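Contents: one structure, followed by commentary.
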2 protein chains.
Amino acid sequence: MDEDCIVFVVDDDARIREALVELLASYGILAMAFSSGGDYMHADKPDMPACLLLDVELPDISGLDLQGQIAEHGHPPIVFITGYGDIPSSVRAIKNGALDFLTKPFSDADVMNAIRSAILQDRADRTVRSEMSLLKQRYLDLTPRERDVLPLVVSGLLNKQAAAQLGISEVTLQIHRRNVMQKMGATSLADLVRIAQRLEIPLTNLRRAEESDRA
Amino acid sequence: MDEDCIVFVVDDDARIREALVELLASYGILAMAFSSGGDYMHADKPDMPACLLLDVELPDISGLDLQGQIAEHGHPPIVFITGYGDIPSSVRAIKNGALDFLTKPFSDADVMNAIRSAILQDRADRTVRSEMSLLKQRYLDLTPRERDVLPLVVSGLLNKQAAAQLGISEVTLQIHRRNVMQKMGATSLADLVRIAQRLEIPLTNLRRAEESDRA
DNA sequence: CCGCACCCCATGGAAATCCATGTATTGCCA
DNA sequence: TGGCAATACATGGATTTCCATGGGGTGCGG
């Protein structure tokens, strides 16, 4: 299918694990198998586009609960597999973001298709996540004052208005503003607005108020 | 639950329809019942926050196919109900955006919970949709030239650069730019950038090129 | 053929922004 | 205590934007 990707298989049935790993190997795809949710969670996993093939019924915690546990952090797309699945479980799984929910017996093609789209998905996700983490890091590098300035600027306030808002002089605000642009790697105000958007920087409402004040 | 909302019930079994309509009435919720997908699609439906309670098995087309048909247009959130559901169907339904997938027998509480969140969802969806349609209408009111100017401006180009890009004078571009702001209802450049974002106006890449040209 | 919408350009002044340089205060930490 | 980061301010000049007022040209429908 594609280079540089790996499939994690979590299933308590050794025969299933082996069958899946073998299937993947026959497609030249790297795989790591785990027999429990805990094993998977505590394992050192390589950092590359991946897919998690997860059995719903596990000895320690259910696959669905595992899904909830790892939901906080970035994690590879999950493809559930199960022998005794029920509809409510499948609904919950997909609602919580699982990519697919396969019931035995499934064909090799079914698994491979699910894995294929999962890997593609993860590739895109990882790109977005790495961009986001870069932006977040840059945001953390801002000084407190610069973090005050950012929302005012991207809300569309004039330097004068933003400065008044903070009770500082316009010149000082311009310096902060300039530093923000530089540190955030923005090449223009438009760029900064989009970056702030992605960081979910809240907007300041006072623009209208300020304007009608003057009117 | 809430005022000003309606539930559409599509089921070929008259008893189910009546039971559901009665249940809803007991909660003071307006309902309209249909016995087939075609009936639902061709009916005149009131324009208010809604929810579609959809049986998977219908005489004319399957509920899942109906979901696909109405996917293009804005439509209320769908809650599937079924007596003979299978996992692949439920997975497909949720993947395609259904809000829930209930299997008989389900409790009144199950239905009502699903409906409650569906209505809330639709309320939010409708707000977003109406905002979007307003923006789209404004965009359509732009002249062709103004539509040329918009992407350049929100890409962060200076007026001078954008003007050069279009082969017109800077003054003319400023006029277009001003008209764009006015027609789009933007109160600031930052605002215009966010509006363009929502309209998925593609960015122009030439900023870097222009800059390194000058360097 | 007249009006109207669209597109184009110029001039000039007011306002805002960008940028560099220089100065000062605070607070923290090695 | 000396250095460093963060915050703040001023001056002044170059650049950019904003806005109003003027003038052209095209093309289309009443």
Side-chain angles (χ1 to χ4, degrees), chain A residues 137-196 204 206-208 210-215, chain B residues 137-196 204 206-208 210-215:
Chain A
Q137 186 51 56
R138 286 175 177 168
Y139 181 71
L140 291 178
D141 286 343
L142 296 183
T143 69
R145 207 42 159 171
E146 284 161 358
R147 275 193 283 270
D148 290 339
V149 168
L150 177 52
L152 300 177
V153 167
V154 298
S155 294
L157 274 69
L158 299 179
N159 288 343
K160 191 194 297 187
Q161 298 171 319
Q165 193 66 30
L166 295 176
I168 61 177
S169 95
E170 190 179 341
V171 202
T172 306
L173 185 125
Q174 284 175 9
I175 296 172
H176 289 317
R177 176 187 175 137
R178 179 156 174 46
N179 291 338
V180 169
M181 294 269 294
Q182 214 145 24
K183 288 192 186 174
M184 297 305 292
T187 63
S188 63
L189 175 60
D191 209 2
L192 189 64
V193 170
R194 280 183 289 266
I195 289 170
T204 315
L206 310 163
R207 191 169 163 74
R208 292 306 190 144
E210 296 289 326
E211 282 177 346
S212 48
D213 268 10
R214 280 188 298 161
Chain B
Q137 186 51 56
R138 287 174 177 168
Y139 181 72
L140 290 178
D141 286 343
L142 296 183
T143 68
R145 208 43 160 171
E146 285 161 357
R147 275 194 283 271
D148 291 338
V149 168
L150 176 53
L152 301 177
V153 167
V154 299
S155 295
L157 273 68
L158 297 180
N159 287 344
K160 192 194 296 188
Q161 297 172 318
Q165 193 68 29
L166 295 176
I168 61 177
S169 96
E170 190 179 342
V171 200
T172 306
L173 184 125
Q174 283 175 10
I175 297 172
H176 290 316
R177 174 188 177 139
R178 177 152 177 51
N179 290 339
V180 169
M181 295 268 296
Q182 216 146 24
K183 289 192 186 174
M184 297 305 292
T187 63
S188 64
L189 175 60
D191 209 2
L192 189 64
V193 170
R194 281 183 289 267
I195 289 171
T204 315
L206 309 165
R207 191 171 161 73
R208 293 302 189 149
E210 296 290 326
E211 281 177 347
S212 48
D213 268 9
R214 278 189 296 163

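Below, chains carry the letters A, B, ... as their sequence lines are ordered, and counting in each starts from 1. Because the structure is predicted, anything quoted here is derived from the model rather than measured. Any value given below was found using the heavy atoms of this structure, including those in side chains, with hydrogens, waters and symmetry copies removed.
Within the 4.5 Å cutoff, the side chain of B:His176 has no heavy atoms near those of the B:Val153 side chain. Looking at heavy atoms from C-beta onward, B:Arg177 lies out of side-chain contact with B:Leu192 at the 4.5 angstrom threshold.
The CG-C1' distance, from A:Leu166 to D:dC9, rounds to 15 Å in whole Å. Atom C1' of nucleotide C:dT25 and atom CZ of A:Arg145 are separated by 15 Å, given to the nearest angstrom. Following rounding to the nearest Å, B:Leu189 (CG) and D:dT17 (P) show an atom-to-atom distance of 10 Å. Spacing between atom CG of A:Asp148 and atom P of D:dT7 amounts to 8 Å, rounded to whole angstrom units. Atom C1' of nucleotide C:dC18 and atom CG of A:Leu158 are separated by 15 Å, given to the nearest angstrom.
Of the residues in residues 169-181 of chain B, those lying under 4.0 Å from DNA chain D by heavy-atom distance are B:Glu170, B:Gln174, B:Arg177, B:Arg178.
Taking both residues in full, the closest heavy atoms of A:Arg138 and A:Met184 are given as NH1-O, 3.3 Å, listed atom of the first, atom of the second, then distance.
A sub-4.0 Å separation between OP1 or OP2 of D:dT7 and a side-chain N or O of A:Thr143 is present. OP1 or OP2 of C:dA16 has not a single side-chain nitrogen or oxygen of A:Asn159 nearer than 4.0 Å.
Over its full length, the helix from C:dC1-D:dG30 to C:dA30-D:dT1 turns its helical axis through 30°, comparing axes from the five pairs at each end and rounding to 10°.
Residues forming a side chain to side chain donor-acceptor pair (under 3.5 Å) with A:Gln137 (at least two apart in sequence, or on another chain): A:Asp141.
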